[in-house]
Amino acid sequence: MRVTQMLIPTLREAPAEADVSVSHQLLLRSGMVRKVAAGVYILLPLGSRVVKKIENIIREEMDSAGGVELQLPIIQPAELWRRSGRWDLYGPEMFRLQDRHGREFCLGPTHEELITCLFAQEVNSYRQLPLLLYQIHDKYRDERRPRFGLLRGREFIMKDLYSFDKDEDGLEISYRKMYDAYNRIFSRCGLNFRAVEADSGAIGGDVSHEFMVIADQGEDQLLYCSKCNYAANAEKTPCPSDELRKAADEERPLQLAATPEARTVQDVAAYLQLSTDQVLKSLFFNIDGKLVVVLVRGDRSVNETKVLSYLGADKLEIADSEELRNNFGIPMGFAGPVGLQEKTSVTILGDTEVKYLYNAVAGANKSGYHYLNVNPGRDYQVDHYDDFRVAQEGDPCPCCGGSLQMQRGIEVGHIFKLGTRYSEAMGASFLNEKGKEIPVIMGCYGIGVTRTMAAAVEQSHDQDGIIWPSAISPFHAVIMAVDQRNQQQAGMASEIYQQLTAAGIETLYDDREERPGVKFKDADLIGCPVRVVVGKKAITDGLVEIKRRSGGEMAFRTKEKITGYLQDILADMLHKQGTKN
RNA sequence: CAGGGUGUAGCUCAGUUUGGUAGAGCGCUAGCUUGGGGUGCUAGAGGUCGCGGGUUCAAGUCCCGCCACUCUGACCA
């Protein structure tokens, strides 16, 4: 491709709208994407090429794992979603619309309902199983807060595959196929990533893994063991309780203390000159319409996922100050479990760590006061103790007891075993060998394509711009003449460009009559793995300059040897990147 | 959703305090110049100052309402 024939609007400065994320800024500046609305983007020619590269890698791996591609509609009738119960469950994140007759539809945030419905209509026999159907298509989610550019958009491209099996063993095989395929996909994309155990969330099901691109700015925390292979999303990591068990300290008498204006754990601890792990944190949640109190140690976070799963509930929201005041007459910031049950019948859940938290500080349910020396059993009762906290770095590994390490990551893939949650709701059943009609067993497997593109930039860039892994770079190489008006230079650049292109090396020819500095800057920003420059030396000595974007020495080759040389180094890069994990 | 910030040329922003002819740099167009890391000079084009209402002789500027974008938070009581 010639630059003069393309649309590559690079920017010297990042637009003010570009937020804190590096990938957002670089994708805008390098002319890959443009924003249309919050969380909605145009993929410009370069960005579109990157997306296609990623899609094709995914497509190849899905196909070789037995996947079959199809395309489901974006617009979906409400009726389908009512059948699975998710029309209400999905809430304001779903884009909803009506047609001219007032019939309700949504823009598909995901496609379980539709695919399951298709199965119900078209598949009847175990002889047709297993079946792995997938698509690469747009998804729509009205995020409460779109941010980080393509990392959290409201319209995004996703690959979603659904597996249909006749039994659990079959599901296990399908799941394993996808797990392996995902490892190959992200390796081939040249990404540094890690597969972790994950929570399956609102989508239902039990077993689940997330594929995380390792990046310091990632939204997810993942914990992995330095001794064994254990790795999980922090929210999923179980916290052991046995070794916490310790003898009760001497129980000191309960005491009321004035703590004016001290509303947060940090404030209270600082005011009383204690560490935060001596404070009892009492959080009120509205869970499926009922108020529940969860107690954790002051230095810990409540794990909403674990609470939901313990209660078998669907929706959890932190109670606001009004709810607290109206239901309990408790001022925000001074809530605690002491005397709570005398006033109300609220359920109190306690994290196991709290069970052994003696002589703690807790809110006195009275503005400006906390209790000192609060003890479990004596001063308050807990309905259920269990693991309700978020695991942290340094906690023991649930597998081997080793110490857990923390990394941040960007979730680019997520695979789930769904079981029969959707097939039962949508009536997707088949006749088995014995002629008995049973619901099909499902799994679903997603990859955020546009998010993967942004995650790659997040992971691989420098101060000058993007450094694409070669497998997903918009072009393999960029070529330019230092002086495009010099006929000898331009002629040779053009000749080499054609030669490379003919050899299957995707080459971008910067044939603009710009100053060399401008072309160098743009080449760095766009980040193709190899740069070829035809300058004076090429004319006088016949030597053309080749430089890798990732750094290192310049190389010089005659124009006859360039194609072979580039093929070698590109193959070398692909090999290295493909075996990164 | 709560709280903050910002909306002026394609981009980055000044001008708003104290109302009085619409600005700069970059980019764009033309010419000359220059040609290995965003050349230099000259001349140009380009704006319903986010939208609507109000105050005023006069509003980018003051007042009211709305919208968009954005940041932080939305568990730490």
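The sequence lines fix the lettering, A, B, ..., with proteins before strands; numbering per chain opens at 1.
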Report which part of the nucleic acid [X] touches: base, sugar-phosphate, or nothing (heavy-atom distance under 4.0 Å, all strands).
{"X": "Gln484(A)", "value": "nothing"}
{"X": "Gly363(A)", "value": "nothing"}
{"X": "Lys519(A)", "value": "nothing"}
{"X": "Asp522(A)", "value": "base"}
{"X": "Arg34(A)", "value": "nothing"}
{"X": "Asp524(A)", "value": "base"}

With Val33(A) as reference, evaluate Thr450(A), Leu44(A), Leu150(A) under the side chain to side chain contact (heavy atoms under 4.5 Å, CB included) test and give the passing residue.
Leu150(A)
Looking only at N and O atoms, is any donor in the side chain of Glu545(A) or the base of rG36(B) less than 3.5 Å from an acceptor on the other one?
yes
Euclidean distance, atom [atom1] of residue [X] to atom [atom2] of [N] [Å, nearest integer]:
{"X": "Phe556(A)", "N": "rG36(B)", "atom1": "CZ", "atom2": "P", "result": "14 Å"}
{"X": "Lys35(A)", "N": "rU6(B)", "atom1": "NZ", "atom2": "C1'", "result": "12 Å"}
{"X": "Met480(A)", "N": "rG38(B)", "atom1": "CE", "atom2": "P", "result": "13 Å"}
{"X": "Arg512(A)", "N": "rU39(B)", "atom1": "CZ", "atom2": "C1'", "result": "16 Å"}

Specify the residues of residues 5-14 of chain A, ordered by number, for which at least one heavy atom lies under 4.0 angstrom from an atom of RNA chain B.
Arg12(A), Glu13(A), Ala14(A)
Non-neighbouring partners of [X] that pass salt bridge (Lys or Arg N to Asp or Glu O under 4.0 Å), sequence neighbours left out:
{"X": "Glu13(A)", "answer": "none"}
{"X": "Arg49(A)", "answer": "Glu506(A)"}
{"X": "Lys306(A)", "answer": "Asp387(A)"}

Partners meeting side-chain contact (heavy atoms from CB on, under 4.5 Å) with Gln217(A) (sequence neighbours left out)
Glu458(A)
Of the listed nucleotides (rG38(B), rG37(B), rC13(B)), which one gets closest to any side-chain atom of Arg29(A)?
rG38(B)
Closest approach to the side chain of Lys536(A), judged atom by atom: which nucleotide of rG36(B), rG37(B), rC69(B) is it?
rG36(B)
Counting the benzene-type ring for Trp, do Phe148(A) and His24(A) have ring centres under 6.0 Å apart?
no
Between Arg531(A) and Gly39(A), which is nearer to the 5' end of RNA chain B once each is assigned its nearest nucleotide?
Arg531(A)
Within the sub-3.5 Å range, which N or O atoms of nucleotides 73-75 of chain B have a protein N or O partner, and how far apart are they?
unit_1, atom_1, unit_2, atom_2, d
rC75(B), O2, Val302(A), N, 3.4
rC75(B), N3, Val302(A), O, 3.1

